[in-house]
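Just below is one structure, and these are the notes that go with it.
By convention in this document, chain letters (A, B, ...) are assigned in the order of the sequence lines, proteins followed by strands, and residues within each chain are numbered from 1.
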Number of protein chains: 2
Amino acid sequence: MNATKIRSTPTAAATATVPPDPLQALDRIDRAILRQLQTDASISNVALAAKVKLSAPACLRRVERLKESGLIRGVVALIDPKAAGAGMLVIIGVVLDRSTPESFAEFEKAAQKVAGCMECHVVTGEFDYFMTIRTRDSDSFNRLHAEQLLYLPGVRQIRSFMVLKEILSTTKFPL
Amino acid sequence: MNATKIRSTPTAAATATVPPDPLQALDRIDRAILRQLQTDASISNVALAAKVKLSAPACLRRVERLKESGLIRGVVALIDPKAAGAGMLVIIGVVLDRSTPESFAEFEKAAQKVAGCMECHVVTGEFDYFMTIRTRDSDSFNRLHAEQLLYLPGVRQIRSFMVLKEILSTTKFPL
DNA sequence: CTTGAAATACTACTACG
DNA sequence: CGTAGTAGTATTTCAAG
């Protein structure tokens, strides 16, 4: 009955400089909503409301609040890579020649334009960047490698890890 | 005017054993739909129809066909990791002790249960697996590392690459 | 095989208690 | 938060290209 109070009445810990875990600050219903929308957001609001045992307007208000709060970053359609003819995934470790701000900036600008680049991250350790690239097959990757990757600015070394099997690839957040 | 014919009249190349590119087999409108839905799928069908200059029913039929064909794998809400208190991303390279089917199977089963594991892939090269894990901060990752990662079955070595900056992280497919 | 116009059923959304 | 009402949308039907 006062489960919703958790949202409206922050605890002492929640008001500290570093909130412990924003997701834990949500009540059971909000978490159920997020679980559902992360799995299938094409569900209608009335159906969602029924699932979480709430009236439609109340449910809609919660969804809108979750969006406005920024917790829900967006609602998107996911395309199946295989069906789209890009069944091959390659993870690439990149080492730059020089570790200067200009070198990093130049590389990042170019990396984002690489066809099929899904992720690009600056990392600690023996690599400067990790990128993941979706492409069709080894032929198309070889072409991409020879024509684009090897010409990325400031690159000393590129190491490719071909993905043989995708065990897990999710956008879902643990709740 | 016969742009739509591409869908209904496969070319000789498309009937070959390996279709060249399923996305190229789509007409301009289907691609516009996919572009929009990959960016924001919370748009109403009438608004989408207006954007692609089609009547609402025709637009809806196309969307449904794209879903039934499997090209659209699903529509989901994306949660902002930072807002969810999991602003830290770590990429992990794993080397197994033995390269036996049992060893791989056992590891994969356990790896999927690791809290915050977003991706897990078998790769070629100096690692057996790459995993990406979302967690809150270095403290929580350290805990995860000590309590879960080090106890994954059959692991010889784990190398962690902390993500310092996420340059690009997209679910969008190039169209 | 696809489209668009009209009609119906359902849903989102608002106002209010 | 829920109920009731209104506005707008999804969905079906059907005629036409």
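Nearest to the side-chain atoms of Ala56(B) among the listed nucleotides dC1(D), dT3(C), dT11(D) stands dT11(D). You'll find that the side chain of Pro57(A) is closest to dT3(D), out of dT9(D), dT11(D), dT3(D). Closest to the side chain of Val46(B), from the set dG4(C), dT9(D), dT11(D), is dT9(D).
One finds the CG atom of Leu66(A) at 6.5 Å from the CG atom of Leu26(A) (value rounded to the nearest 0.5 Å). Here the straight-line distance linking atom CZ of Phe104(B) with atom CZ of Arg98(B) works out to 10.5 Å at 0.5 Å rounding. Taken from CG in Asp80(B) to CG in Leu78(B), the straight-line distance is 9.5 Å, to the nearest 0.5 Å.
The hydrophobic cluster containing Leu144(A) also contains Val94(A), counting ILVMFWY residues as joined when their side-chain heavy atoms lie under 4.5 angstrom apart, directly or transitively.
For Ile33(B) and dT2(C), the CD1 to C1' distance is 13 Å, given to the nearest whole Å. Rounded to an integer number of Å, the gap from Glu64(A) CD to dT11(C) P is 17 Å. Between Arg28(A) atom CZ and dC1(D) atom P there is a gap of 15 Å when expressed in whole angstrom units. In this structure, the CG atom of Leu60(A) is 14 Å from the C1' atom of dC1(D), given to the nearest Å. Atom pair Asp30(B):CG and dT2(C):P shows a separation of 10 Å (rounding to whole Å applied). Across the protein-nucleic acid pair, Ile29(A) atom CD1 and dG2(D) atom P stand 8 Å apart, rounded to whole Å. In this structure, CG of Leu48(A) is placed 13 Å from P of dC13(C), rounded to the nearest angstrom. Rounded to whole Å, the distance from CG on Asn45(A) to P on dG2(D) is 12 Å.
Here Arg62(A) reaches the OP1 or OP2 of dC1(D): one of its side-chain N or O atoms lies under 4.0 Å away. Contact annotation: Arg61(A) side-chain N/O to dC13(C) OP1/OP2 distance is not under 4.0 Å.
Using cut-offs of 30° and 60° on the angle between ring planes, the pair Phe161(A) and Phe130(A) is tilted.
Nucleic acid contact class of Ser44(A) (heavy atoms, under 4.0 Å, all strands): sugar-phosphate only.
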